[in-house]
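Notes for the one structure printed next.
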Amino acid sequence: MLEKHYQPAEVEGRIYRQWEETGAFKAGAGKRGEAKPYCIVIPPPNVTGSLHMGHALNNTLQDVLVRFERMRGRDVLWQPGTDHAGIATQMVVERKLAAENRTDRRTMGRAAFLDEVWRWKAESGGTITNQLKRLGASCDWSRDRFTMDEGLSRAVLKVFVGLYEKGLIYKDKRLVNWDPKFQTAISDLEVQQIEKKGSFSWTDGDPERPFDAAALAKALKKDPSGHLYHFRYPLKDDPTRYVTVATTRPETMLGDTAVAVHPEDERYTALVGKKVVLPLVGREIPIIADDYSDPEKGTGAVKITPAHDFNDFEVSSRHNLARINVLDAFARIDESAPDAYRGLDRFVAREKIVADMAALGLLAKIEPTTHTVPHGDRSGVPIEPWLTDQWYVDAKTLAKAAIAAVESGRTQFVPENWTKTYFEWMRNIEPWCISRQLWWGHQIPAWYGPDGEIFVAMSEAEAYEKAEAHYSGRKDPSSPQREEDDGEGQRQSPAQGAVPHLQGSTRKFTLTRDEDVLDTWFSSGLWAFSTLGWPDETAELKRYYPTSTLVTGFDIIFFWVARMMMMGLEFMHEVPFDTVYIHALVRDEKGQKMSKSKGNVIDPLELIEVYGADALRFTLTAMAAQGRDIKLAKSRVEGYRNFATKLWNAARFAEMNGCARTAGFDPAKVEETVNRWIAGEVERTAATITAELEAYRFNEAAGAAYQFVWGTYCDWYLELIKPILNGPDGKARTETRAAAAWALDEILRLLHPFMPFITEELWTKTGESGPGRGAPLVLTPWPEARRLENTAADEEIGWVIGLITAIRSVRSEMNVPAAAELELVLSGANDTSRIRAGRHGDLIRRLARLKSISLAAEPPKGSVQIVVGEATAALPLAGHIDLAAECARLEKEIEKARAEIAKVDARMANAEFVAKAPAAVIEENQGRKADFSAQIEKLEAALRRLKAAG
RNA sequence: GGGCGGUUAGCUCAGUGGUAGAGCACUACGUUGACAUCGUAGGGGUCGCAAGUUCGAACCUUGCACCGCCCACCA
């Protein structure tokens, strides 16, 4: 016997364990060979992370697809795993060390720190996995992977070496985005532009406001960015004259090596080629002409700081300017600057330099401006363009195949408009900086010889082999192939043939391994094939690659999807997935991205605890309309929790009424109209859900299921069959019990991808009677299309529902007490209606609260009259009717009908409409007019009778 | 500056050419043997504004307004 309420907390854990114990999620279980594979690789969450709303949405949608396809008989692999998340994880552990007052990372040393991180991973690494299980994710956990496990690390090495040897990975010294807090380079994608607006101003020579260094310091502390400083740089030839430059970054002036003006800017033509003396530093720097300078901006003369600005770096290449680095890794002024500034933090230096310039009379003015300041997305501090050696991937080359694959449709984005975003980025892709000055991650497999030679290899031993070969004058067995050898030793062309045997040789040198690790996304980029066993040629790789669908958020199209496309095509020579389904972001009520720092996070686990995993899943699915963000409202979750309860109680009702499943029941052979009707409705719903899921319209699929279960099965079907169930034993009751149980079974199947727990629980419970269940619901086939629709039954039940609804409506409007049982007199009814009324009299009486239904030529006097098709249904309410109110009601009905007719008439009066609209539309309009006209006639007749009686 | 998306009921949102919808909230009635986490009935919208295309526009086009996001730039 089912309880009155479904208790998710008591059920979910048990059900999930059952699924795992039966191996329901295992790929290939009993299906390998004959079944088509269907594979999704999970977007690997941070190994030490915990489930947030984005994960909940992402994994719910994947699970819906995976469960759907599994029921449809596909051999499903949902490949799970976690990501080591370099910066994020290292940050967490460092913070933990600090919080526990332990020695910091640098003091502790690399090996000890890594031990610490692994310990942390061991401690918290299972959290997210367990939380995904609570959500109901049906991943094949037996295949769980981690980006730093042995196999995936091997894949990373292989890819790095492979790309290096093809010249697609290289080392370069150029400006990178440097994060002074984490002391590492980061990629362009990890930089966030944050808009800053200045708040104060100052003008030289204003007698009211002399320069006040203390006030400036205070203002700058509060508001360090967003100001434009106009500096005067004295001319070398004539120190009384200046070139004024404007900058938002005063402290970088210490590294200026030129001032640029536009070649056609007449204000400065005479100065080009002359020199200025850089204040505070004393360096003489040239005034150059370069297109980069924009006469419209600032003063038209721009200071050039090649080592600290990406544009200036370009200018320096064109003009052969020195690149003077004035910042250290902490973004403090370094020793290349005058003593007075050395060691100062960049913002302290900013203050001092502005003050010093003012003291020299070289500060012309300060004005507030709005500009964006690049920040590290993890550290939150302003990043510095900084000149360092880093490793890069030649993304431009790899992008070619990745672009072509989407152009040709081998991989499709859903919704399709993300294609544009993908192309836009791919076609303008920049070299990808992959080295990170971190410790947690895949250490770069590059070793340096005594003279700086680079040996990239799968292992240290192999690196030594290569080095031996190199230093002994033999050809390096595997250096990069480059069409144009740039002359550097490590880029000699490879020699074919035997690797020199090194046994017994004494090394006269040592190699040092590159300390840096790879960008986390480098290993994530291999995810679609590394998790399947690559570089080994495993059966899984053969069977499941290319994978079927990738489900992810648009915020990581660049980070991840693009990189997987590039890596997949490069190493597997085939796209990593057929379809990329891009879902929305779950945002807070203001449409803002949820984040811990903003404190606007809704915890999915709390929702699961309160409402159950199924309610949360259904909410997310029902709201996952394509191309739109989800602003989550709790009331919605509550509503769908109620839906689960409704389903539960429908099952409970069935149980209480002996609606047990019957062996051999065939929905195509039912005889009762109501059963023929529900069979057709079930099938229609199944077809809709199937089609919508195939098209990734999750919200439509969920909506169809909801509408059917609540609005059709519970509200009508169960009500309609009550008289039969309560009636005498016999054929009709037997059939109806079986049909109700059958329909419930179908509902459980259709709902299972969305609400796996409650449906599985009900499947088990309802399986306790009747024929045994062959399998748990998770492995039960999806409803198949048959031909169960029955127009005659649809029309008949439609008529019954219409009559009942109309009577209820009038009762309510006339304030008839709910308990009062009325008589119904049907007049003007044709044969069909009379037969229908007779056949369904019991249930019409019950659902409309009637005492009796009788036929008459004319509606009795003093009755409320309802027009039902060709007939008029009358409720004799003599003495209870407010005559005026009833007249008003009828008149209102007539008015409504007339308004509809007027609309139709207006349309039909339009000659062009008649000429051009499709015949079906015209017919429909004519039909409408006829229907409404007939209705008006009946209503008018009713009104006349009413008035005559009065 | 380039791109994408949004503006529909009090709130959160569906709805891509032919009769404006859902959940929540609201009003009235109701504890009738599945369900008050419920039932029945109801109120509530000139679909941001303007012009255009069309027989017909919430839907297509253009412009405008406001909101959000992404990319680039920012002296």
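- Counting heavy atoms from C-beta on, the side chains of A/K197 and A/T370 come closer than 4.5 Å.
- With a cut-off of 3.5 Å on both pairing distances, the Watson-Crick or G-U wobble partner of B/rC66 is B/rG6.
- Among the nucleotides B/rG39, B/rC69, B/rA41, the one closest to any side-chain atom of A/F554 is B/rC69.
- Set against B/rA75, B/rU37, B/rG5, the side chain of A/A246 has B/rA75 as its closest nucleotide.
- Nucleotides B/rG68 and B/rU12 place their P atoms 15 Å apart, quoted to the nearest Å.
- A donor N or O paired with an acceptor N or O is found under 3.5 Å between the base of B/rC73 and the side-chain atoms of A/T372.
- Of the candidate nucleotides B/rA75, B/rC35, B/rG18, B/rA75 has the atom nearest to the side chain of A/V302.
- Ion pairing between A/E384 and A/R249 holds under the 4.0 Å rule for side-chain N and carboxylate O.
- The heavy-atom pair separating A/P385 from A/D309 by the smallest distance is CB-N, 4.1 Å.
- The side-chain hydrogen bond (donor to acceptor under 3.5 Å, both in side chains) test with A/R232 is passed by exactly one of A/D204, A/T244, A/T299: A/D204.
- With both ends at atom C1', the span from B/rA58 to B/rC47 equals 5 Å, rounded to whole Å.
- Side-chain proximity of A/A917 to the nucleotides B/rU12, B/rU19, B/rC55 is greatest for B/rC55.
- Annotation: A/W648 is in aromatic contact with A/Y6 [ring centroid separation under 6.0 Å].
- Here the separation of B/rA22 from B/rG45, taken at their P atoms, is 15 Å to the nearest Å.
- The A/K646 side chain lies nearest to B/rG39 when the options are B/rA20, B/rC4, B/rG39.
- Counting distance only, with no hydrogens placed and no angle test, the side-chain atoms of A/E813 and the base atoms of B/rA28 include no donor-acceptor pair under 3.5 Å.
- The side chain of A/R636 lies closest to B/rG23, out of B/rG23, B/rG18, B/rC35.
- Among the atoms of the strands shown, only primed sugar atoms or phosphate atoms (P, OP1, OP2) are found under 4.0 Å from some heavy atom of A/T248.
- Taking only side-chain atoms of A/R808, from C-beta outward, the nucleotide of B/rA41, B/rU19, B/rG39 with the closest atom is B/rA41.
- Pairing for B/rU46 is absent, judged as Watson-Crick or G-U wobble with the two contacts each under 3.5 Å.
- Rounded to whole Å, atom C1' of B/rG42 lies 12 Å from atom CG of A/N815.
- Base contact: A/D294 has a heavy atom under 4.0 Å from a base atom.
- Under 4.0 Å is where a charged nitrogen must lie from a carboxylate oxygen, and between A/R898 and A/E895 no such pair does.
- When distances are taken from the side chain of A/S293 to each of B/rA36, B/rA75, B/rC55, the shortest belongs to B/rA75.
- For A/A650, whose side chain is taken as the heavy atoms from C-beta onward, the closest listed nucleotide among B/rC35, B/rA34, B/rG18 is B/rA34.
- Candidate nucleotides B/rG39, B/rA34, B/rA14 were compared by shortest atom distance to the side chain of A/D715, and B/rG39 ranks first.
- Distance noted for atom C1' between B/rA72 and B/rC60: 31 Å (whole Å).
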